[in-house]
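See below for the structure under consideration.
Note: hydrogens, waters and symmetry copies are ignored here, and every other heavy atom, side chains too, is used. Every value quoted in this text rests on a predicted model; they were computed, and no experiment measured them. We number each residue from 1, following the sequence as shown.
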Amino acid sequence: MVASPPPELAELLDITLAYQRSQAVAVAAELGVADLLRDGPCSVDELAAGTGAHSPALYRLLRALAAIGVVHEDEQRRFRLTAIGEYLRRDHPLSVDPVARMYCADYEWRAWGELLHGVRTGESPAHRALGTDVWEYRRRHRDQSRVFDAAMRTLSRMIAAGLLEVYSFDHHRLVADIGGGTGAVLAAVLARYPHLEGILFDQPHVVGDAGPVLGAAGVQNRVTVVPGDFFTGVPSGADVYLMVRVLHDWLDDDAARILDQVRSAMRGDALLLILDAVVGPPNEDAESKFFDLMMLVSAGGRERELREWEALLAGSGLQLVRATPATPTCHVIESVPV
């Protein structure tokens, strides 16, 4: 009879070793394995030839991924994608490929390696590891910036689906997406509501890549792309402003500076929709609390409880109206000028 460890011990061991699984997924993504399996099963030798990998080592990677359901191995050591593995395809609209490659990139791993320093001192682990913040690091490394933008498109599409489930834009006319990246959320909103027009606002090197995203959604003729810096000003004239996963990247002082610029651009009857986490009560909501830990390590920002959102908004002359769950890690936080 095989002795089983206490379930609590087994669970803690699984948590401790989880990084191995995420790194294995990231390596498969970097190699493009899922794209090679798009049309059906392949042998390890075929996959090794297609990826330039070492065949025996690649087999060891794939059989491990098969054991956790990412791919399926048959009796001839051929592999095919599972329903889970389909999301690693780079042509999937919700592709996890760039998300895995971003979160498991070398610079992110180095930042997480300094978590102990960050917890002891409150200083930025990323800055200690990289000598700069992750935003400047990505600006200097355009390949990593492109992976980040692609990952944000996937995550934004997930958030957009939740937003459209819980909020109606029927009575709006012009939507300004502030810090909107390459436009994935704005494109989804405009595609659902043909009467809307949009403004996409972000840094020049980011919005410069928005054309294909807006074009694929068929909304490019209804979007004005405005490059800029939300610390110095944002476009005026919209009746609803969107900020999707923007403010959690910043601590309160910087977040307040951004909100001050948005409030200055808003008319008295305009609405601000913030899509960000609302941290749950003690002993619950691991998703948001680990997002918060990631903000400590990487971006240097933070997730916030509802009372913290109320205080942050009030400081910029905005009143929180309601916060509605949209996804497991994101709420739609509505606010209006006081």
What's the separation between atom CG in L214 and atom CG in L186, rounded to the nearest 0.5 Å? 7.0 Å
Apply the side-chain contact (heavy atoms from CB on, under 4.5 Å) test between F169 and each candidate in V175, D239, L190; give the one that qualifies. V175
With a 4.5 Å cut-off on side-chain heavy atoms, are T327 and M158 touching? no
Within a strict 4.5 Å, meaning less than it, do heavy atoms of the T132 and R140 side chains meet? yes
Please determine whether a side-chain nitrogen of the Lys or Arg among R304 and D292 lies less than 4.0 Å from a carboxylate oxygen of the Asp or Glu. no
Using side-chain heavy atoms (C-beta onward) and a distance below 4.5 Å, is R257 in contact with D254? yes
Answer whether the closest heavy-atom distance between the side chains of V278 and I333 falls below 4.5 Å. yes
Under 4.0 Å between a Lys/Arg side-chain N and an Asp/Glu carboxylate O for R101 and D97? yes
Using a strict 4.0 Å threshold on nitrogen-to-oxygen distance, state whether R302 and D252 make a salt bridge. yes
D45 side chain to S55 side chain, donor-acceptor N/O pair below 3.5 angstrom: yes
With a 3.5 Å distance limit and no angle check, can you tell me whether T82 reaches the backbone of H72 through a side-chain donor-acceptor pair? no
Roughly how far, to the nearest 0.5 Å, is CZ of R146 from NE2 of H141? 12.0 Å
Whether S316 side chain and L313 backbone form a donor-acceptor pair below 3.5 Å: no
Looking at E73 and R63, is there a salt bridge between them, counting it only when a charged N and a carboxylate O are closer than 4.0 Å? no
Non-hydrogen side-chain atoms of L58 and L47 separated by less than 4.5 Å: yes
Among L242, V166, D276, exactly one meets side-chain contact (heavy atoms from CB on, under 4.5 Å) together with V332. Which residue is that? V166
Side-chain donor or acceptor of Y241 paired with backbone N/O of A265 under 3.5 Å: yes
Salt bridge between E284 and K289, side-chain N to carboxylate O under 4.0 Å? no
Heavy-atom nearest pair, R222 first then Y193, reads NH1-O, 3.2 Å
Do S298 side-chain atoms and M294 backbone N/O form a donor-acceptor pair below 3.5 Å? no
Under the side chain to side chain contact (heavy atoms under 4.5 Å, CB included) criterion, do D177 and F201 qualify, and how do the steps go? CA-CA 6 Å; D177 194 352; F201 180 83; over 6 Å; no
Side-chain ion pair, E114 and R110, N-O less than 4.0 Å: no
Any side-chain donor-acceptor pair under 3.5 Å between R142 and S145? yes
Would you say that more than 12 heavy atoms from the other residues, nucleotides or ligands in this model lie under 6.0 Å from the CZ of R157, or not? yes
Full working for side chain to side chain contact (heavy atoms under 4.5 Å, CB included) between V226 and T224: CA-CA 6 Å; V226 180; T224 301; 3.9 Å; yes
Carboxylate-amine/guanidinium contact R138 E108, below 4.0 Å: yes
For residues W112 and Y107, establish whether the separation of their ring centroids is below 6.0 Å. no
Could you walk me through whether E197 and R173 pass the side chain to side chain contact (heavy atoms under 4.5 Å, CB included) check? CA-CA 6 Å; E197 294 187 350; R173 174 184 58 83; 6.0 Å; no
Under a 3.5 Å cutoff, is there a donor and acceptor pairing between the side chains of R245 and T329? yes
Rounded to the nearest 0.5 Å, the OG atom of S335 sits from the CD1 atom of I274 at a distance of 5.0 Å
Reported SG-to-CZ distance for the pair C42 and R80, which is rounded to 0.5 angstrom: 13.0 Å
More than 12 heavy atoms of other residues, nucleotides or ligands under 6.0 Å from CZ of F231: yes or no? yes
More than 12 heavy atoms of other groups within 6.0 Å of E165 CD: no
Run the side chain to side chain contact (heavy atoms under 4.5 Å, CB included) check on L272 and L259 step by step: do they pass? CA-CA 10 Å; L272 172 61; L259 282 172; 3.8 Å; yes
Side chains of H172 and Y167 only: does a donor on one sit below 3.5 Å from an acceptor on the other? yes
Distance only, no hydrogens: is a donor on one side chain within 3.5 Å (strictly under) of an acceptor on the other, for D149 and T182? no
Given 3.5 Å as the limit, does a donor-acceptor pair link the side chain of S156 with the main chain of M152, or not? yes
For the CG atom of L164 and the CD1 atom of I159, what is their distance to the nearest 0.5 Å? 12.0 Å
Considering residues, nucleotides and ligands other than R77, do more than 12 of their heavy atoms fall under 6.0 Å from its CZ? no
Go through the steps to decide whether D170 and S168 satisfy the test side chain to side chain donor-acceptor pair (under 3.5 Å), and finish with yes or no. CA-CA 6 Å; D170 281 331; S168 171; 3.0 Å; yes
For R78, is there any backbone N or O sitting under 3.5 Å from a side-chain donor or acceptor partner on D74? yes
Just checking, any donor-acceptor pair under 3.5 angstrom between side chains of E123 and H117? yes
Taking side chain as C-beta onward, heavy atoms only, is L163 less than 4.5 Å from V244? no
Pairwise side-chain contact, Y103 with W109, heavy-atom cut-off 4.5 Å (strictly under): no
Can you tell whether the side chains of R307 and E310 come within less than 4.0 Å, N to carboxylate O? no
Is there a donor-acceptor pair under 3.5 Å between the side chain of S22 and the backbone N or O of Y19? yes
Is there side-chain contact between V262 and M243, with at least one heavy-atom pair below 4.5 Å? yes
